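Take a look at the structure set out below.
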Amino acid sequence: MSKFYVTTSIAYVNAPPHIGFALESLQADVLARYHKQKGDESFFLTGTDEHGAKIAKVADERGISPKQVVDENAIRFKELKGALNLSWDNFIRTSDQKIHWPVAQEMWRRLEKAGDLYRKSYEGLYCVGHEAFVTQKDLVPAVNGRNHSDQSIGVTLVCADHQKEPELIKEENWFFKLSKYTGEIESRIKNDELRIVPESRKNEILSLLKEGLEDVSFSRPSKDLPWGVPVPGDDTQTMYVWADALSNYISGYACPPAGGADCLKKWEQHPADVHVIGKDILRFHAAIWPGMLLSAGLPLPKAIYVHGHILSGGRKMSKSLGNVVDPFELVDKYSADSVRYYLLREIPSSADGDFSYEKFEERYNGDLANGLGNFAARVSTLADKLGELSGGLDGMVEQKIKELVGKANQKLGEFKLHESLSAIWELLHFGDQYLNENKPWDKSVSEGNKQQAIHNSVVILDNVASLLLPFLPETSAKISKAIRIEGGKIEVEKISNLFPRMEKIKT
RNA sequence: CGCGGGGUGGAGAAGUGGUUAUCUCGUUUGGCUCAUAACCAAAAGAUCGUUGGUUCGAAUCCAACCCCCGCAACCA
């Protein structure tokens, strides 16, 4: 038995759960369930990132404490477990002062001890409207008439949102010597000690590393960032997101009750096997996080699996377009397993994918109702009519099962979840073909051949159920429960309407 | 010349030098009737973004160009 530790990224709680986070959770869930099924000791971690100026601002606007804001929102993320039938073992919240903070602070001390943290003044453009620093790209030429006065020096640049000229502000921060680790990180990724999947993402990060990493700011003055983990030994500064949020992979990893430094030991013995993340945060996980771990003298995760984003109707989801898809609404309307199936099958597991109700319906009717549901009903009805079955396994059927089970598992190992599902459906298709060829309902077929054909179909169905366990746990259990195989004898209960066909709702 | 990813039948994808370019959905036709008007088979439908090159042979390698999408360091 081996160990398997998988994580999702932690979600920022300034908004309710997004369907993209649902996808990420499902992908990690499949991996966790698969390893559990194999008999591995699996640990699946998820959680929420709860600090930052944005949260503090929301709290301020609503006249409540930041703690209240994050408590409210974190619940929504936890509820995803029930809604989507997730199997995570722990949910870590970065506002957890008892478990998380000591770990984040211990990490900080380690970096400091390694001589990798230093003070430096940071200079930036500060917009009063944003109450935050803005970058050059946030600025646009002024369009206001009153700004036209100083044409002598050209156009005035102002903040796009507030039409105000930003101030130049200097402040002192702690910086992390990430640049020091560029070479080491690069070589670890290059030789797959830290595997980045898919290949295209690996190349992307390698080309970034080739240009070299710069040191990153690791803290903010506490007056600007009041809501966060205090920097150990410097009460004027609060940790900026990196040391805080990324440490969750250690603090959330079944931290021993003693906490703090003891948590790091656990990671030292067995770091994460996979971090499942979105393409938007690749560089943080493939550069800053490994840099921190190297500095702290800790092992790197073994793999980072990068998924794409979900588009809605071919476009980026955004509130202003009104095409945001709420995962809870979906599950409510359909079922957990059908939403799981759609997201895991339709969205290529390492590229962008699209969500639309039309496609959902197509997948549901085509694959779940007509494919899986119908085959289960078909086989179980045939078997139920005959009562107890005996007979052997056809060599050709056995070989096909072996081939496709192998393919499904191989794809899973490559994190190609949608292709793994596709292999399972190949097996279903083979089952339908097999039945049509052997016609166990036909009067001209001998009793022995009928028994044989149905026996083989049941074995196919049983294998499908087993392969489906990580993807569609509920459905898989329903099918498995109906099939009893003991020695050469088989008994099957009738399985009806796993997925009732949907009527066309939309044009 | 910032970096990267991508452009394959109506839609979505697979396919990194070699016989008639694969799969799913959709369309048409035939078969079957155990099954959720489900299942099986066959057919139609692609100048593989454009142009040029390498090669006996390219979707696949090279060059130029066009188009789409990310990223461009503090935004998680």
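This one's a predicted model, so the numbers in the text were calculated from it and none came from an experiment.
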Discussion item. Rounded to whole Å, how long is the line connecting atom OH of A:Y357 with atom P of B:A11?
Written reply: 24 Å
Item to complete: Would you mind pulling out the nucleotide paired to B:A37, Watson-Crick or G-U wobble, both distances under 3.5 Å?
Response: none
Item to complete: Kindly point out which of B:A72, B:C74, B:A76 is positioned nearest to the side chain of A:F284?
Response: B:A76
Worksheet entry | Interatomic distance, A:F375 atom CZ to A:L498 atom CG [nearest 0.5 angstrom] | 12.5 Å
Discussion item. Going by purine N1 to pyrimidine N3 plus the second Watson-Crick contact, or the G-U wobble pair, all under 3.5 Å, which nucleotide sits opposite B:C56?
Written reply: B:G18
Worksheet item: Who passes ring pair (Phe, Tyr, Trp, His ring centres under 6.0 Å) against A:F360, sequence neighbours left out?
Response: A:Y334, A:Y342
Practice prompt. Please state the P separation for the pair B:A43 and B:G49 - nearest whole angstrom.
Written response: 26 Å
Worksheet entry | Separation of the P atoms in B:G17 and B:G52, to the nearest angstrom | 25 Å
Discussion item. If I take atom CD in residue A:E362 and atom C1' in nucleotide B:U27, what distance separates them, rounded to the nearest angstrom?
Written reply: 13 Å
Worksheet item: Who is the Watson-Crick or G-U wobble partner of B:G4, with both distances under 3.5 Å?
Response: B:C69
Discussion item. Which residues pass the side-chain contact (heavy atoms from CB on, under 4.5 Å) test with A:S420, not counting sequence neighbours?
Written reply: A:A408, A:K411, A:L412, A:F471
Item to complete: With P as the reference atom in both, quote the distance from B:A73 to B:A63 in angstrom, rounded to an integer.
Response: 29 Å
Worksheet item: How far, in whole Å, is B:U50 from B:A42 if one measures between their C1' atoms?
Response: 36 Å
Fill in: Interatomic distance, A:N248 CG vs B:A76 P [rounded to whole Å]
15 Å
Fill in: Selection from B:G12, B:G70, B:C74 that lies nearest to any side-chain heavy atom of A:Y240
B:C74
Item to complete: Starting from P on B:C75, measure out to NZ on A:K57 and report it in whole angstrom.
Response: 13 Å
Item to complete: Check salt bridge (Lys or Arg N to Asp or Glu O under 4.0 Å) between A:D280 and all other residues, then give those that pass, not counting sequence neighbours.
Response: none
Fill in: For B:A63, the Watson-Crick or wobble counterpart (both distances under 3.5 Å)
B:U51
Worksheet item: Separation of A:M502 atom CE from B:C25 atom P, in whole Å?
Response: 16 Å
Worksheet item: If you measure from the C1' atom in B:U22 to the same atom in B:U16, how many Å do you get, rounded?
Response: 15 Å
Worksheet item: Aromatic ring centroids of A:W242 and A:F176 under 6.0 Å?
Response: no
Worksheet item: Under the side-chain contact (heavy atoms from CB on, under 4.5 Å) test, which residues partner A:E447, sequence neighbours left out?
Response: A:L386, A:K450, A:Q451
Discussion item. I'd like the P distance from B:C62 over to B:C75, given in whole Å.
Written reply: 38 Å
Practice prompt. Return the set of residues passing side-chain contact (heavy atoms from CB on, under 4.5 Å) with A:S179 (not counting sequence neighbours), or none when no residue passes.
Written response: A:D215
Worksheet item: When all nucleic acid strands are considered with a 4.0 Å heavy-atom cut-off, which category describes A:W425: base, sugar-phosphate, or nothing?
Response: nothing
Worksheet item: What is the distance, rounded to the nearest whole Å, between atom NZ of A:K359 and atom C1' of B:A13?
Response: 11 Å
Discussion item. Roughly how many Å apart are B:U19 and B:A59, using the P atom of each and rounding to a whole number?
Written reply: 10 Å
Worksheet item: Atom CG of A:D280 and atom P of B:C69: how far apart are they, to the nearest Å?
Response: 18 Å
Item to complete: Answer with base, sugar-phosphate or nothing: what part of the nucleic acid does A:V241 contact at a heavy-atom distance below 4.0 Å?
Response: sugar-phosphate
Discussion item. Across nucleotides 31-41 of chain B, 5' to 3', mark each nucleotide with B, S or - according to how protein heavy atoms within less than 4.0 Å reach it.
Written reply: BSSBBB-SBBS
Fill in: A:K407/A:E403 salt bridge by N-O under 4.0 Å criterion
no
Item to complete: Could you let me know what B:G26 is paired to, Watson-Crick or G-U wobble, both distances under 3.5 Å, or none if it's on its own?
Response: none
